[in-house]
Amino acid sequence: METKPTPAPTDFIREAVAEDLRLGRYTYVRTRLPPEPNGYLHIGHVKAFLIDYNIAHENGGEVILRFDDTNPAKEETEYVDAIKDDAAWLGIHWAKETYASDYFDRLYEWAVKLIKMGKAYVDDQSAEEVSKTRGTLTEAGIESPFRNRSMEENLDLLERMKNGEFPDGSRILRAKIDMGHPNMVMRDPAMYRIIHEPAHHRTGRNWCIYPMYDWSHGQNDSMEGITHSLCSMEYEIHRPLYEWFLEQLGEFKPRQIEFSRLNLTFAMMSKRKLRKLVEMGMVKGWDDPRLTTLRGMRRRGYTAQAILDFIKKVGVAKNTSWIDFALLESCVRDDLNRLAMRKMAVLNPLKVVIDNYPEDLVEEMDAVNNPEDAAAGSRKVPFSKVLFIDQDDFREVPPPKYFRLYPGNEVRLRYAYFIKCVSVVKDETGKVSEIHCTYDPTTRGGDAQDGRKVKSTIHWLSAKHAIPVEVRLYERLFTHENPDEGDDFLSFINPESLVIPENCFVEPSLANAKAGEHFQFERTGYFCVDQDSQPGKIVFNRTVTLKDAWARIEQKTNQ
RNA sequence: UGGGGGCUCGUCUAAUGGCAGGACAAAUGACUCUGGAUCAUUCAGUAGUGGUUCAAAUCCAUUGCCCCCAGCCA
């Protein structure tokens, strides 16, 4: 065999996991997907999901989907369903679906245990007082006057907090650690807060106290036997607390490892700002194809495979990083190039009359469905005297290096004939309204008998057979690489992020295209049938354009 | 400013004391019935300064810059 074994992709987390196994720190691998059900999954979550999922499976382990539902004020069942749907679409299989709220009882028992150990206390200070006495980055905090009350009183108070005897914000349970700790996270962090409204989406009104992330997450990891709790860098300073709780309790201790989160240029990842875009109507919903929510990307036409490839190429590290949006586009082009059926579509039609073509003749031309896949076969495309071509493919006065149609020039109509432009008709404003060409009958199918060449091949549609459709041309939502920078992200919105041209036509073979199907419109881009499509009114979303060498040449010569 | 983390081509990422490599982007050319795809080539990097070493992106010291933390959010 000549094929070299490709080394398995590795990174510092995979190495750490392998070492843990080798040294026997853990005898198996189990990770968890920890979404908070308060919004839709976006591409940033996908990176985290895939790291957890892949590392577990590469080691013969499993992953638990655990919803982090510790705050009833923000969480809803609707999001739970959407997250599961998105994760499944990506091809993620979870061994078990759990909720932080499944463990509320046990967590409460552990809190009681900590109180009995003298490691936690009920604080009657207001949120404002707690905040004020926390100290600053450089100064130690001040201990609460309630810090040293008796175990019995703490137990009694916590019980009554749980039973709903006190109003929201009146008391919290805090871990008793060190108000002078240089790491602010360790300055007697809150464990439980009182929340009466609204009802929790799963536990209803059973609970009036809810655990904070720090008190819930690590303990849940431990209860589920998670070996590796993988999360983003901002949790690094929480790791000492994660470990402190489990050490005090003497429970199984998973290893938390942090990696840098995914930042994507020209994309909005902030949940709060995403919500604002949706609520202000700047985009049409959480599944707007301009968003990098998974639902948006799906609707835009990104394939799961392309997204998986992208995440693999992004890698895993601890550096603050900004991934170029072009890398995502490259991945989706690569995947769609392999699988998308080719079609002809004219989005900005120019009427072409073939002067020497018989008035009523219609010919069926053979067109290849996918040059990358011989098994995809071919189809018939009707040809007749009056055609549409794209406006971009004709210039009355050709710029330098322009190979397409212009007066006197001959080009090939893809899979049809060579044509030559002989005259131009203009409307009253002086704009070219139609052009006249002659065709060479001996070039049927697209090859010249005499071996002569043309420099360009353009796509076309028979005017009377063309199907009118709606086409939505999407561009980047923002004009700024990092729209999250500064406070006025709305000013970075690209006014041309969605353009719907007036007269778009596609070839008749697309008449029965179904929502979700991917196509390449030759020489134009990749498109996906939108769910808004109706019988007789198909809607296409542009997933991504094809690379356009001519656009670059033109841009350069214009400078 | 206290604590924590980071710094390798424009971007992302390898190299685990021994030839700084890959991908995306960019550029040039070949090929082409998609100015697509493909192929070839090119451009381009170890934050600075010292030190250890036969040998340093890697080890040590030091400086600089960037990110995170003062929610009863996660």
Side-chain angles (χ1 to χ4, degrees), chain A residues 7 9-11 15 34-36 38 68 70-71 73-74 123 125-128 130-132 134-141 168-174 181-187 189-195 209-210 212-214 216-217 231-240 258 260 265 271 312-331 333-334 337-338 342 344 367-368 371-372 401-404 411-416 418 443 445-447 453-459 520-525 545-554:
Chain A
T10 193
D11 53 68
E15 282 168 8
E36 185 189 12
N38 72 342
D68 225 332
T70 56
N71 189 347
K74 298 163 67 172
D123 193 346
Q125 294 183 107
S126 68
E128 197 188 343
V130 168
S131 168
K132 230 183 281 178
R134 196 186 325 272
T136 67
L137 296 178
T138 51
E139 301 161 64
D168 286 14
S170 57
R171 287 182 167 84
I172 53 172
L173 182 73
R174 301 178 76 176
H181 200 107
N183 180 350
M184 306 273 304
V185 171
M186 300 296 275
R187 318 242 262 228
M191 293 168 62
Y192 279 111
R193 75 285 212 191
I194 301 171
I195 300 176
I209 56 173
Y210 291 91
M212 300 290 292
Y213 167 86
D214 282 315
S216 168
H217 201 91
C231 59
S232 49
M233 293 299 296
E234 60 263 35
Y235 292 100
E236 194 157 32
I237 54 166
H238 293 253
R239 184 162 19 106
E258 311 84 14
S260 67
T265 59
K271 252 180 210 172
K312 188 177 285 179
K313 287 185 177 181
V314 158
V316 180
K318 299 177 84 158
N319 308 344
T320 308
S321 64
W322 280 92
I323 311 297
D324 193 338
F325 198 84
L327 182 62
L328 216 206
E329 294 183 325
S330 155
C331 291
R333 282 194 189 105
D334 195 49
N337 177 50
R338 272 193 295 266
R342 313 291 134 122
M344 292 200 281
V368 173
E372 304 291 321
K401 298 203 181 142
Y402 186 85
F403 305 145
R404 279 113 94 148
V411 302
R412 173 169 37 234
L413 293 176
R414 182 115 158 121
Y415 301 125
F418 284 15
T443 57
D447 287 308
K453 303 271 188 203
V454 287
K455 294 202 82 170
S456 182
T457 299
I458 65 175
H459 60 279
Q520 184 197 99
F521 291 173
E522 292 215 28
R523 304 206 310 130
T524 303
T545 62
L546 250 27
K547 278 202 191 169
D548 189 348
W550 164 244
R552 282 204 296 271
I553 293 167
E554 193 179 31

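So that the names make sense, note that chain A is the first sequence line, chain B the second, and so on, each numbered from 1.
A:S126 and A:E128 form no side-chain donor-acceptor contact under 3.5 Å, judged by distance and modelled atom types alone.
Rounded to whole Å, the separation between the P atoms of B:rC24 and B:rU63 comes to 41 Å.
Every residue was checked against the salt bridge (Lys or Arg N to Asp or Glu O under 4.0 Å) condition with A:K401, not counting sequence neighbours, and none meets it. Scanning for salt bridge (Lys or Arg N to Asp or Glu O under 4.0 Å) contacts around A:E139 gives an empty result, with sequence neighbours left out. By the salt bridge (Lys or Arg N to Asp or Glu O under 4.0 Å) test, A:R414 pairs with A:E522, sequence neighbours left out.
At least one side-chain heavy atom of A:I194 sits under 4.5 Å from a side-chain heavy atom of A:R171.
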At a cut-off of 3.5 Å, list every protein nitrogen or oxygen paired with a nitrogen or oxygen from nucleotides 10-13 of chain B, distance to 0.1 Å.
residue, atom, partner, partner atom, Å
B:rU11, O3', A:W322, O, 3.3
B:rU11, O2', A:W322, O, 2.7
B:rC12, OP1, A:W322, N, 3.0
B:rC12, O2', A:V314, O, 2.9
B:rU13, OP2, A:N319, ND2, 3.3

Pull out every protein N or O sitting under 3.5 Å from an N or O of nucleotides 26-29 of chain B, one pair per line with the distance.
residue, atom, partner, partner atom, Å
B:rA27, OP2, A:R552, NE, 3.2
B:rU28, OP1, A:K556, NZ, 3.0

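Looking at heavy-atom distances under 4.0 Å, A:S126 makes contact with a base. A:K455 comes within 4.0 angstrom of no nucleic acid atom, judged by non-hydrogen atoms across all strands. If you check every strand for non-hydrogen atoms under 4.0 Å, A:H238 touches a base.
Taking the charged nitrogens against the carboxylate oxygens, A:R338 and A:D334 do have a contact shorter than 4.0 Å, which makes a salt bridge.
Contact check, A:R187 against B:rA70: no side-chain N or O comes under 4.0 Å of OP1 or OP2. OP1 and OP2 of B:rU38 both lie 4.0 Å or more from every side-chain N or O belonging to A:R333.
Residues A:W550 and A:Y402 place their aromatic rings such that the two centres sit under 6.0 Å apart.
Both A:Q520 and A:E234 sit near RNA chain B, but only A:Q520 has its closest nucleotide nearer the 5' end.
Because its glycosidic torsion is within 90° of 0, B:rG71 is reported here as syn.
When base pairs are accepted only as Watson-Crick or G-U wobble with both N-N or N-O distances under 3.5 Å, RNA chain B takes part in stems of 3 or more pairs at B:2-7 with B:64-69, B:10-13 with B:21-24, B:26-30 with B:38-42, B:47-51 with B:59-63.
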